[in-house]
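Take a look at the structure below.
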Amino acid sequence: MKSLLDVLTDAHRRQVAVGHFNFSDLTALNAVVEAARELKLPVMVGVSEGEREFVGVREAAALVKVKREQSDLPLFLNADHTHSLAKAEEAARAGFDEVIFDGSALPFDKNVAETKRAVEAMKSINPAIVVEGEIGYIGAASAVLEKKPENMSALTTAAEAKQFVDTTKVDVLAPAVGNMHGMLESMVSGEAHKRLNIERIAELEKATGTFMTLHGGSGTDDDDFRRAIKAGMTIVHVNTEIRIAWRRGVESALKNNPNEVAPYKILPAGLEAIKMIVLARLKLFSFLS
Ligand code: 13P
């Protein structure tokens, strides 16, 4: 199987993006893998600290390893939004392909210093691991929100991005470019969409020359997605849309089968609902639709 860096290099060259989807149970993991296999596209799955607490760090790594062995699918596992060095090291030792060290809530200089330390620590455990760092706080919850998160950072500047990448030596940069974690209710209903600053993305790409991830993908305007990818976004994260699909699918199956108590008869409705989202997002990120 190709390495994650090879897959990112190829995607960047072709100006497409690799989809990254979070999971916290087999329903979502199976849905993502089925969708990617159907489209024959590489895909990333991620577990945040909270998701890891539920799934287990070594369990997540073992599940992904089995899925990989079952097909040639380039499937990669990411330790999403990791705030402490100890948790980053735990994921690296368990065999994760990528670790995101998230110091975005720290003052810039402290974020630079801590991310640099994390990159060194990760590479000493596994020289091939991909390490991502973040600049700019864009909220933290993949949830349906009543209002925008407080203390959202200003857009990342080209000078900040260059200093951050040059000093920390991260492989991937996650900047603030108008994106936000989670969805407002108006985004869930489709009335409103997240809008991105495409010019800024192009400036960051030019200043850093490094891979970039667009976090907070849920509810983003489709055309902004396309333009952001053309301007230099190589990974796109989607989580809230998947959680909403899971809930809606499971709720409808429970409602339609009031006496059913076998989880494996209820959960496939959640899987199908998630798979529809992942198929649509993967097609969009690869310009297949
Ligand atoms: P959304 O929940 O807004 O899609 O953000 C997901 C994300 O960026 C996870 O890292």
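First listed ligand is number 1; within each ligand, the first listed atom is number 1.
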Test side chain to side chain contact (heavy atoms under 4.5 Å, CB included) applied to T220 and R195, K194, E241, the passing residue: K194
Based purely on interatomic distance, does H20 place a nitrogen or oxygen under 3.5 Å from a nitrogen or oxygen of ligand 1? no
Counting from 1 in the order shown, the ligand 1 atoms closer than 4.0 Å to a non-hydrogen atom of S142 are 1 (P), 2 (O), 5 (O), 6 (C)
Quick one: which ligand 1 atoms are inside 4.0 Å of a heavy atom on V238? 4 (O)
Is the shortest distance from a Lys or Arg side-chain nitrogen in R52 or E90 to a carboxylate oxygen in the other one below 4.0 Å? no
Would you mind running through ligand 1 and noting each atom that sits below 4.0 Å from a heavy atom of N239? 1 (P), 2 (O), 4 (O), 6 (C)
E69 atom CD: more than 12 heavy-atom contacts under 6.0 Å: yes
Any idea how F285 and F21 line up, ring-wise: parallel (<30°), tilted (30 to 60°), or perpendicular (>60°)? parallel
For ligand 1, which atoms, with element, lie under 4.0 Å from some heavy atom of K194? 3 (O)
Identity of the nearest option to atom 8 (O) of ligand 1, non-hydrogen atoms only, from G216, A141, S48: G216
Charged N to carboxylate O below 4.0 Å: is that the case for R227 and D222? no
Short list, please: which atoms of ligand 1 are under 4.0 Å from a heavy atom of H81? 9 (C), 10 (O)
Between K255 and E251 (salt bridge meaning N to carboxylate O under 4.0 Å), is one present in this structure? no
For G182 and ligand 1, does the shortest N/O to N/O distance drop below 3.5 Å? yes
Within a distance under 4.0 Å of any heavy atom of D80, pick out the atoms of ligand 1 and give their elements. 9 (C), 10 (O)
Among the clusters formed by ILVMFWY side chains lying less than 4.5 Å apart, do F225 and I242 turn up in the same one? yes
Quick check on contacts: which atoms of ligand 1 are under 4.0 angstrom from a heavy atom of M180? 3 (O)
May I ask you to list the atoms of ligand 1 that are less than 4.0 angstrom from any heavy atom of T240? 1 (P), 2 (O), 3 (O), 4 (O)
Non-hydrogen side-chain atoms of V119 and F101 separated by less than 4.5 Å: no
Could you identify the single nearest non-hydrogen protein atom to atom 4 (O) of ligand 1 and state the distance to 0.1 Å? S218 OG, 2.6 Å
